[in-house]
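Quick note on labels: first sequence line is chain A, next is B, and so on, each numbered from 1.
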Number of protein chains: 2
Amino acid sequence: MNEYYQSAYKPLLAIDCVIFGYEKGELKVLLTRRKVDPYKGAWGLATGFLHYGESLHYAAERVLKKQTGLDRIFMEQLSTFGEVDRDPEARVISLVYYSLIKVESQDEEALEKNQAQWFPITALPKLMFDHETMIQMSWGKLRRKSRYQPIGFELLPEKFTLPELQSLYEAIHQKQFDKRNFRKKILATGLLKKLDEKQKGVSKKGAYYYVFEEGKYDELISQGFNFELKSMAFGS
Amino acid sequence: MNEYYQSAYKPLLAIDCVIFGYEKGELKVLLTRRKVDPYKGAWGLATGFLHYGESLHYAAERVLKKQTGLDRIFMEQLSTFGEVDRDPEARVISLVYYSLIKVESQDEEALEKNQAQWFPITALPKLMFDHETMIQMSWGKLRRKSRYQPIGFELLPEKFTLPELQSLYEAIHQKQFDKRNFRKKILATGLLKKLDEKQKGVSKKGAYYYVFEEGKYDELISQGFNFELKSMAFGS
DNA sequence: GAGTTAAAATGTTATTAAAATATAAATGTA
DNA sequence: TACATTTATATTTTAATAACATTTTAACTC
C-alpha cells in the first residue's frame, strides 16, 4: 500500500439500523439501551462498528441478527451521517440501514439480552446523537417507497387480510384511506393470492386471508413492468 | 476515548463525485484520469479522502471545487459503496455524491489541471473500480428526481428557452416528449418566469427566454406544497 | 415585398386513472 | 328471525394524462 493510501485519515465507521415493525395497528421502531460509557443507558438504534474484512451489507446483517435473532431481513441503505461532532466522544461516520421485520417471528430472547424495546413511531423516547433524524428519514423513505413498491408485506405475517393490510398502510402514512379504493388498487396489482380461509374472531363476517406472491412480483419486474410509475393513491 | 472506540477497525473513507453537465443536447459526466499507481491513468470519478475534522458534506464540496473550480454546486448524497475488494489496493469505503453543474460557468483551467474531460453518458470509457455502477445509479436517481422536483434547471444557464428545457429532459430520460404537453405541464408549476427577450439565431421565429424562480419554489415548499406528489409525465 | 418555410405558441379532444359515492353479501348476536 | 357490523362488489364523478390540430412569428427566397 503506497503513500497515497497510507497517509490518509481513517475515521471510525458505525452501522446503525432502524428496525421497523408493525404491531397492534401501530408502526414501531426497535430501540436499545447503550451499553457503554459515555451516555450508557441512553436509547438508540441497534449499532456496531464495521469489522475488518467485512462488506457493509454483511455488517448490517450482523447487527440486525444480533439485535433481533433474525436472518434474511428486508434491508436497505438509507444514508450516511458524518457531522464532525455527531458523536462527541470520537469521530464516527455512521452508515444507516433501515429494515422491516415481521414482529411475530422475532427472537424474544435476543430482545431481552439487548435490553431492546419496541416504541410506536409516534411516541419515541429521547434518543442519543442524531438517531431521531435517522428514524424520521427512514420513515420518510418507507412512506415514499411503499407508494410505488409492494414493500409493506415485509411487515405482516405470511397471511393477512385486506383490512389488516390497509391498517398497515394507514399506520405508515398516518392517514385514512377509502377501503373500497384501497382494495381495488391493491388487487389490481395482481400480486396478492386469495386463500380459501377466512379470519375468525375479529369481525362477524370474517375477512379472507391473502398471501403476497413474491414469485409473481419478480416475474413482473423481470418483464420490465415498472411499479415505480404506478402510483398508489387510495383516495381520501 | 475508551476501549469501545479504541479497538474498532478503521477503514479509509473516500468521497467520489459524479458530476453531471448538459452540453450540445447531451447529458454528460465529468471524468478524470487517476494520478497515482496502481491504475495510474485510468478514467474515474473526481475523488478524495475524507480529511481530519471535516464533515462529509464539506469534503464533497472540496472535491467538487478542486475538480471544477466551482462553489455552491447542487449536490446530494447517492449511496455508500463498501465491497471488500472494490479497490484492490486497500480497504476503501466510498461515499458517493452526485452533482449538477452549469457547464458554461466552469473553470477551464481546473479542468485541464485535473486532466478532466466530459463524456456523454451514453458513451462512457472503461472506468476503474465500481465507478460505472456509481454513475448509472446516479443517473437513475437524477431521472427519478427530475420527475418530481424542478432539478433540471441546475444544468442550464440562468436563462433558457422551453425547447432547450425539453431537450434537457429528453436527454435525461432518453425519451421524446410531446412539446405541447411538456410546455403546458412545465408552465403549470408556476416556477418559470417569461422574459421579454427572444433567443436569436437558433430558429426563425425565436423562442422566449425563461428563468427559474427559485424564490417561488422555496415559497411553495414552505407552504407545504408537495411537488413530490405531482408527477411530471409529458405524454408520448 | 409577397410567398414560402420552419419552429414556436396556443388550443381542443380522447383516454385513462383517481376519488367519491352506492349497494349487496356474510355472519355473529339479540 | 331480524339486526348490526364489516366485508365485498359495483358505479359515478372528477381530474390528470396523452394524443391530436391550428395559429403565429420571423427569417429566407424569388
Side-chain angles (χ1 to χ4, degrees), chain A residues 25 143-144 146-150 156 159-170 173 175-211 225-236, chain B residues 25 143-144 146-148 156 159-170 173 175-211 225-236:
Chain A
R143 274 197 303 267
R144 268 169 275 128
S146 68
R147 284 180 65 103
Y148 303 110
Q149 278 177 47
L156 291 175
K159 60 183 189 184
F160 49 84
T161 66
L162 291 186
E164 279 171 353
L165 183 61
Q166 180 172 347
S167 297
L168 166 62
Y169 271 81
E170 290 177 343
H173 292 275
K175 195 183 163 200
Q176 303 288 110
F177 297 119
D178 182 281
K179 61 186 173 184
R180 294 154 295 186
N181 292 331
F182 180 84
R183 173 182 295 267
K184 211 186 308 167
K185 277 262 187 87
I186 283 286
L187 291 178
T189 63
L191 297 175
L192 295 190
K193 196 171 110 199
K194 189 179 185 175
L195 302 183
D196 276 337
E197 191 186 354
K198 268 192 175 180
Q199 186 184 53
K200 284 177 184 167
V202 173
S203 78
K204 288 171 186 172
K205 182 171 175 182
Y208 279 103
Y209 279 114
Y210 286 79
V211 291
F225 191 84
N226 195 355
F227 280 93
E228 296 216 34
L229 293 177
K230 272 202 154 179
S231 116
M232 284 238 208
F234 308 109
S236 79
Chain B
R143 275 197 303 266
R144 268 170 274 129
S146 68
R147 285 180 66 101
Y148 303 112
L156 291 176
K159 61 182 189 185
F160 49 84
T161 66
L162 291 186
E164 279 170 353
L165 184 61
Q166 179 172 348
S167 296
L168 167 62
Y169 271 80
E170 292 177 342
H173 292 275
K175 195 184 161 195
Q176 301 289 110
F177 297 119
D178 181 284
K179 62 186 173 184
R180 294 153 294 186
N181 293 332
F182 180 85
R183 173 181 295 266
K184 214 184 306 170
K185 276 263 185 86
I186 283 285
L187 291 178
T189 64
L191 296 175
L192 294 191
K193 196 172 109 195
K194 188 180 186 175
L195 302 183
D196 276 336
E197 190 187 354
K198 269 194 174 180
Q199 186 185 53
K200 283 176 185 167
V202 174
S203 78
K204 288 172 186 171
K205 182 171 175 182
Y208 278 103
Y209 279 114
Y210 286 79
V211 291
F225 190 84
N226 195 355
F227 279 94
E228 295 216 33
L229 294 177
K230 273 201 154 178
S231 116
M232 284 235 208
F234 307 109
S236 83

> Note down the inter-axis angle between the two ends of the helix from C:dG1-D:dC30 to C:dA30-D:dT1, five pairs each, to the nearest 10°.
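Comparing the first five pairs with the last five, the axes sit 10° apart.
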> In whole Å, what is the span from the CG atom of A:Leu187 to the C1' atom of D:dA10?
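Rounded to the whole Å, the gap is 14 Å.
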> Kindly state which residues belonging to residues 161-168 of chain B come within less than 4.0 angstrom of DNA chain D, counting heavy atoms of the residue only, listed by number.
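When residues 161-168 of chain B is checked for heavy atoms under 4.0 Å from DNA chain D, there are no hits whatsoever.
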> To the nearest Å, how far apart are A:Phe177 CZ and C:dA19 C1'?
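Those two atoms, CZ and C1', are 13 Å apart.
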> Output all residues satisfying side chain to side chain contact (heavy atoms under 4.5 Å, CB included) with B:Lys193, sequence neighbours left out; order by chain, then residue number.
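Side chain to side chain contact (heavy atoms under 4.5 Å, CB included) list for B:Lys193, sorted by chain: B:Val211, B:Glu213.
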> Would you say that B:Leu162 contacts B:Leu187 through its side chain, given a criterion of any heavy-atom pair below 4.5 Å between the two side chains?
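B:Leu162 vs B:Leu187: side chains touch.
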> Got B:Leu192 and B:Phe160 here, is their nearest side-chain heavy-atom distance under 4.5 Å?
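B:Leu192 reaches B:Phe160 side chain to side chain.
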> Got a second to check how far A:Lys184's NZ is from A:Ile186's CD1, nearest 0.5 Å?
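The distance works out to 13.0 Å.
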> Is A:Lys179 close to A:Arg183 at the side-chain level, that is, under 4.5 Å between some pair of heavy atoms?
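SC-SC contact between A:Arg183 and A:Lys179 ruled out.
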> Using the side-chain hydrogen bond (donor to acceptor under 3.5 Å, both in side chains) rule, collect all pairs that involve residues 198-211 of chain B, keeping only residues at least two apart or in two chains.
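Of all non-adjacent pairs touching residues 198-211 of chain B, those that pass side-chain hydrogen bond (donor to acceptor under 3.5 Å, both in side chains) are B:Glu164-B:Gln199.
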> Would you please name every residue forming a salt bridge (charged side-chain N to carboxylate O under 4.0 Å, His left out) with B:Arg143, sequence neighbours left out?
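Not a single residue meets the salt bridge (charged side-chain N to carboxylate O under 4.0 Å, His left out) criterion with B:Arg143.
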> How would nucleotides 20-30 of chain D be written as a contact map, 5' to 3', with B for base contact, S for sugar-phosphate-only contact and - for no contact, using protein heavy atoms under 4.0 Å?
BB--BBSB---
> Quickly work out the B:Lys185 NZ to C:dG11 P distance and round it to whole Å.
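Going from NZ in B:Lys185 over to P in C:dG11 covers 19 Å.
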> Distance check needed: C:dA20 C1' versus A:Phe182 CZ, whole Å only.
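My rounded result for the distance is 17 Å.
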> Taking the six-membered ring for Trp and the full ring for Phe, Tyr or His, determine whether the centres of B:Tyr169 and B:Phe182 are under 6.0 Å apart.
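They qualify: ring centres under 6.0 Å apart.
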> With sequence neighbours left out, what residues match A:Lys159 under side chain to side chain donor-acceptor pair (under 3.5 Å)?
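Side chain to side chain donor-acceptor pair (under 3.5 Å) list for A:Lys159, sorted by chain: A:Glu197.
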> From A:Thr161 OG1 over to A:Leu156 CG, what is the distance, rounded to the nearest 0.5 angstrom?
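Separation between the atoms: 8.5 Å.
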> Taking CZ from A:Arg183 and C1' from C:dA19, how many angstroms apart are they, rounded to a whole number?
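These atoms are roughly 17 Å apart.
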> If you define the side chain from C-beta out and look only at heavy atoms, does anything of B:Asn181 sit under 4.5 Å from B:Lys185?
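A side-chain contact is absent here, since even the closest heavy-atom pair is not under 4.5 Å.
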> Let me know the distance between OH of A:Tyr209 and P of D:dA8, rounded to the nearest Å.
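Rounded to the whole Å, the gap is 12 Å.
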